[in-house]
Visitor: 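Provided herewith is a single structure, encoded as structure tokens, for subsequent inquiry.
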Amino acid sequence: MLFLEGVRVLDFTTLLPGPLATLVLAEAGADVIKIERPGGDPTRHSPPFVDGESVPFAMLNRGKRSIEIDLKKPGAASRILALAQSADVVIEQFRPGVMDRLGVGYEAMRQANPKCIYCAISGYGQQGKRADVAGHDLNYVAEAGLLAVTSDRNGDPVMPHTQLADIGAGSYPAVINILLALYRAQTTGTGAFLDVAMTEQTFPFLWQALTHGWATGTMADPSELPLLGGSPRYGLYATADGRMLALGALEDRFWDNFCELVDLPEALRDDTRDPEATRQGIRDAVAAHPAAYWRPKLQDAKHLCCTLVPSLADAVADPQFAERGIFAARVAVGHGSELPAVPVPLAHGVARRTVADRPPTRAPRLGDANGLLPPT
């Protein structure tokens, strides 16, 4: 039996933060009912496609059920509230006040089902001067100061290559808070309102900069922080053929082993004396040889905390992940095609890792919901 079997989730979310959160719940066994607007979730129309079916939509919505409902139509709200009577969790991603205006906000849901857990994911939270301001991932990490802390050595912000706020500050906090609320609901019978603000939830990623700033009274330049470029022991170094070594030798024993491996001059091994000189010495040593020279040396040495940076294709093909079954789950897309599923952050034994799941291929309309919705 999966951990969340018997838990029903009404999912009003679109795009990434909410759908990934409910995917995690679905993979743990929850019955997720996706409420889609007329025409369906916009991600249904996002490339790439297989046999006309959106692969991004399939990845984020596998194993869910779906209904297409125009919440502005008369009678829609009453039928949603009737469905909510059997729901354990409601999750939405509108700007504050939208669900209330549609008649299916928290208070209406609470009246229908006092045990219901209502999770609202938004950019800036349900209150405050920015509550109704539109935004996306890049805006949220900018507002939280993360872009300033991850700037390059010229002081220019670095474009994140993933959706840090959507996933790390939206999807994951939503799941964490929902699970905590479910635990309380099971023990007390009390529901909850969960206000997940993606900008606020970005701050845990800034723990080192915040700790340094509050302790010293000055928010540091990124280059001063050990894990953001301040220490030569923790950084990226180019090989002779343009590949990169990722060095994380913070502890002395790892650092000493690395210095021996690259034959760093003795005068540079005390990295507190002249960090920039040490950094340049590492650059020179690593750049003296191509990746093919470093690869076997790194593979044979287990106590270095140093890695040759692989391509994404090489990372996915790594035997370590194959042995662990990270990509064993499958998604059925199009006419008989199957693709590896994007992994979810669940431990072995919690997620359905070998199921060839389908996304909801068609969102039945309000009057064609196959008995899912109560009759009028």
Side-chain angles (χ1 to χ4, degrees), residues 1-14 17-36 61 63-67 69 71 75-122 125-127 170-198 200-201 344-346 350-352 360 366 369-376:
M1 179 176 178
L2 292 170
F3 287 31
L4 291 184
E5 280 189 26
V7 172
R8 173 170 282 187
V9 180
L10 298 188
D11 179 6
F12 292 85
T13 66
T14 62
L20 181 56
T22 56
L23 173 63
V24 174
L25 301 178
E27 287 292 282
D31 176 22
V32 177
I33 302 170
K34 186 174 178 64
I35 312 297
E36 299 191 52
N61 294 285
K64 304 176 187 178
R65 295 192 284 168
S66 184
I67 313 170
I69 299 177
L71 291 173
S78 62
R79 298 186 73 186
I80 287 293
L81 293 175
L83 181 60
Q85 292 176 6
S86 64
D88 300 282
V89 178
V90 173
I91 181 168
E92 55 102 338
Q93 197 179 297
F94 296 105
R95 279 191 267 182
V98 171
M99 290 286 277
D100 289 327
R101 290 195 294 272
L102 294 170
V104 289
Y106 171 61
E107 286 302 323
M109 293 286 187
R110 188 173 65 84
Q111 291 296 321
N113 181 359
K115 296 181 181 180
C116 184
I117 295 157
Y118 188 105
C119 179
I121 303 174
S122 64
Q126 301 299 301
Q127 298 86 30
S171 307
Y172 290 179
V175 171
I176 292 169
N177 284 279
I178 286 169
L179 295 179
L180 291 172
L182 278 171
Y183 177 80
R184 188 183 75 161
Q186 289 179 350
T187 55
T188 68
T190 304
F193 179 82
L194 307 175
D195 178 4
V196 176
M198 287 182 277
E200 295 172 8
Q201 297 295 336
V344 294
L346 295 175
V350 179
R352 301 174 294 171
L366 181 61
N370 301 319
L372 188 59
L373 286 171
T376 53

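These values consider heavy atoms only, across backbone and side chains, with no hydrogens, waters or symmetry-generated copies. Counting begins at 1 with the first residue of the sequence. Values in this document were obtained by computation on a predicted structure and should not be read as measured data.
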Visitor: Looking at CE of Met198 and CD of Gln93, how far apart are the two atoms once the value is rounded to the nearest 0.5 Å?
Guide: 5.5 Å
Visitor: Do you know which two heavy atoms are closest between Val9 and Ala30, and how far apart they sit?
Guide: CG2-CB, 4.1 Å
Visitor: Between OG1 of Thr22 and CD1 of Ile33, what distance do you get to the nearest 0.5 Å?
Guide: 11.5 Å
Visitor: Would Leu179 and Leu4 count as a side-chain contact (heavy atoms from CB on, under 4.5 Å) if you check the C-alpha gap in whole Å, the side-chain angles of each, and the deciding distance to 0.1 Å?
Guide: CA-CA 10 Å; Leu179 295 179; Leu4 291 184; 4.1 Å; yes
Visitor: So, for Ala77 and Leu102, which heavy atoms are closest and what is the spacing to 0.1 Å?
Guide: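 Residues Ala77 and Leu102, closest heavy atoms: CB-O, 3.5 Å.
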Visitor: For residues 180-189, tabulate all N or O donor-acceptor pairs below 3.5 Å that involve a side-chain atom, not counting sequence neighbours.
Guide:
| unit_1 | atom_1 | unit_2 | atom_2 | d |
| --- | --- | --- | --- | --- |
| Arg184 | NH2 | Gly191 | O | 2.7 |
| Thr187 | OG1 | Tyr183 | O | 3.2 |
| Thr187 | OG1 | Arg184 | O | 3.0 |
| Thr188 | OG1 | Arg184 | O | 2.8 |
| Thr188 | OG1 | Thr190 | N | 3.2 |
| Thr188 | OG1 | Thr190 | OG1 | 3.3 |

Visitor: Could you walk me through whether Asp88 and Lys115 pass side-chain contact (heavy atoms from CB on, under 4.5 Å), step by step?
Guide: CA-CA 7 Å; Asp88 300 282; Lys115 296 181 181 180; over 6 Å; no
Visitor: If you look at every heavy atom in Gly105 and Asp100, which pair is closest and at what distance?
Guide: CA-OD1, 3.3 Å
Visitor: Looking only at heavy atoms, which two atoms of Ala21 and Val175 are closest? And how far apart?
Guide: O-CG2, 3.6 Å
Visitor: How long is the span from the CG atom in Asp195 to the OH atom in Tyr106, to the nearest 0.5 Å?
Guide: 12.0 Å
Visitor: Please give me the minimum heavy-atom distance between Ile69 and Ala76, naming the atom from each residue.
Guide: CG2-CB, 4.0 Å
Visitor: Tell me if the CZ atom of Phe3 is crowded by more than 12 foreign heavy atoms within 6.0 Å.
Guide: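 Check fails, neighbour count at 12 or below.
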Visitor: Give the intermediate values and the outcome of side-chain contact (heavy atoms from CB on, under 4.5 Å) for residues Met109 and Ile80.
Guide: CA-CA 9 Å; Met109 293 286 187; Ile80 287 293; 3.9 Å; yes
Visitor: Can you name the nearest heavy-atom pair linking Lys34 to Pro19, along with the distance?
Guide: NZ-CG, 4.2 Å
Visitor: Supply the atom-to-atom distance Lys64 NZ to Asp11 CG, rounded to the nearest 0.5 angstrom.
Guide: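 Answer rounded to 0.5 Å: 5.0 Å.
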Visitor: Determine the interplanar angle of the Phe193 and Tyr118 rings, folded into 0 to 90°, and report it as parallel if under 30°, tilted if 30 to 60°, perpendicular if over 60°.
Guide: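 The arrangement is parallel - the two ring planes meet at less than 30°.
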Visitor: I'd like to check Pro360 versus Asn61 (side-chain heavy atoms, cut-off strictly below 4.5 Å). Are they in contact?
Guide: yes
Visitor: Between CG of Leu83 and CD1 of Ile35, what distance do you get to the nearest 0.5 Å?
Guide: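 One finds 6.0 Å between CG of Leu83 and CD1 of Ile35.
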Visitor: Taking atom CG of Leu25 and atom CG of Leu2, what is their separation to the nearest 0.5 Å?
Guide: 12.5 Å
Visitor: Can you check side-chain contact (heavy atoms from CB on, under 4.5 Å) on Cys119 and Asn177, steps first, answer last?
Guide: CA-CA 8 Å; Cys119 179; Asn177 284 279; 5.9 Å; no
